[in-house]
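Right, one structure below, let's go through it.
Keep in mind that the numbers below use all heavy atoms, side chains included, and drop hydrogens, waters and symmetry copies. Remember, it's a predicted structure, so these values are computed and weren't measured experimentally. Below, chain A is the first sequence line, B the second, and so on; all start at residue 1.
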Amino acid sequence: EVHLLESGGGLVQPGGSLRLSCAASGFTFSDYAMTWVRQAPGKGLVWVSAIAGSAAHTGYADSVKGRFTISRDNSKNMVYLQMNSLRVEDTAIYYCAKTEGSSWALDYWGQGTLVTVSS
Amino acid sequence: DIVMTQSPDSLAVSLGERATINCKSSQSILYISNSKNSLAWYQQKPGQPPKLLFYWASTRESGVPDRFSGSGSGTDFTLTISNLQAEDVAVYYCQQYSSFPHTFGQGTKLEIK
């Protein structure tokens with residue numbers, strides 16, 4: 001059974017940093033691209049970043065480019081999101097999601113971790 | 001960036017009736033290699049993460065009831081829910097994965113009339 005567990009969220013001041021982690025199990029991790037999606041309270045889904053299975057290919061939303069870095073450790077079945085220069089507007093639930101395999105569609109999602117950026 | 005626009009923003013449909021949600025991309029999302037459109041549909045219920053319904057615009061994810069259907073091509077796509085059930089109340093999102101960033105539509109809230 002596929003399982004994704006996010007951690008690392010919390011309260012941080014504007015300008016601060018956080019590193020989110022996502023522990024994956026139940027599938028051959030290195031075979032699948034992984035994605036981070038966020039959702040501000042009461043708002044819609046926003047794609048944040050993705051990384052290919054080999055880590056050779058990454059992508060970012062314009063709103064986080066240059067501030068966030070996605071990475072993965074295939075030996076540990078982990079994907080990370082390093083978030084620097086955090087802004088109030090980065091406040092959201094951050095979901096880790098696995099890609100479907102034949103496409104970049106997201107077939108399994110974690111329960112999310114809440115990031116709150118506030119002074 | 002490709003902009004995904006859903007319509008309507010919300011709709012109310014009677015139980016047993018049909019609900020139709022539209023999604024329009026700002027440019028073609030056709031994947032030349034397999035001649036399929038790089039579009040996914042998700043359902044999100046309150047307090048839950050999203051659930052994948054369709055990918056490649058019309059390929060139904062395992063376990064999704066066949067009263068859900070996905071269609072469309074080019075830049076115009078549709079999610080249709082036939083014989084609406086109470087458990088279908090949710091927010092529905094389309095997403096393109098043709099090119100980074102893999103943008104979502106703004107969501108359509110489906111309620112029971």
Counting C-beta onward and ignoring hydrogens, is there a side-chain heavy-atom pair between [X] and [Y] closer than 4.5 Å?
X: A:S102; Y: B:W56; value: yes
X: A:W104; Y: B:S38; value: no
X: B:Y97; Y: A:T99; value: no
X: A:L106; Y: B:Q95; value: yes

Would a hydrophobic clustering, with Ile, Leu, Val, Met, Phe, Trp and Tyr connected at side-chain separations under 4.5 Å, put [X] with [Y]?
X: A:L11; Y: A:L114; value: no
X: A:Y32; Y: A:V37; value: no
X: B:Y55; Y: A:L45; value: yes
X: A:M83; Y: A:V117; value: yes
X: A:W109; Y: A:L20; value: no

Checking [X] against chain A: side chain, backbone, both or neither under 4.5 Å from a heavy atom?
X: B:Q48; answer: backbone
X: B:D1; answer: side chain
X: B:Y42; answer: side chain

With only heavy atoms counted, which part of [X] is less than 4.5 Å from chain B, the side chain, the backbone, both or neither?
X: A:K65; value: neither
X: A:V48; value: neither
X: A:T58; value: backbone
X: A:Y60; value: backbone

Do you know which of [options] has the most heavy-atom pairs with chain B at a distance under 4.5 angstrom?
options: A:G110, A:A97, A:G59; answer: A:G59
options: A:G112, A:A61, A:S103; answer: A:S103
options: A:A105, A:S49, A:G44; answer: A:A105

Would you indicate whether [X], at its atom [atom1], is surrounded by more than 12 heavy atoms from other residues, nucleotides or ligands within a distance under 6.0 Å?
X: A:K76; atom1: NZ; value: no
X: B:R67; atom1: CZ; value: yes
X: A:F27; atom1: CZ; value: yes

So which of B:S99, B:S62, B:P50 has the largest heavy-atom pair count under 4.5 angstrom toward chain A?
B:P50
Options B:H102, B:Q44, B:K36, ranked by heavy-atom pairs under 4.5 Å with chain A, top entry
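That would be B:H102.
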Let's go through A:Q39 and B:F104 carefully: what are the C-alpha distance in whole Å and the side-chain angles of both, what is the deciding distance for side-chain contact (heavy atoms from CB on, under 4.5 Å) to 0.1 Å, and is it a yes or a no?
CA-CA 11 Å; A:Q39 187 169 36; B:F104 287 92; over 6 Å; no
is_close_aromatic(B:Y93, A:W47), centroid dist under 6.0 Å
no
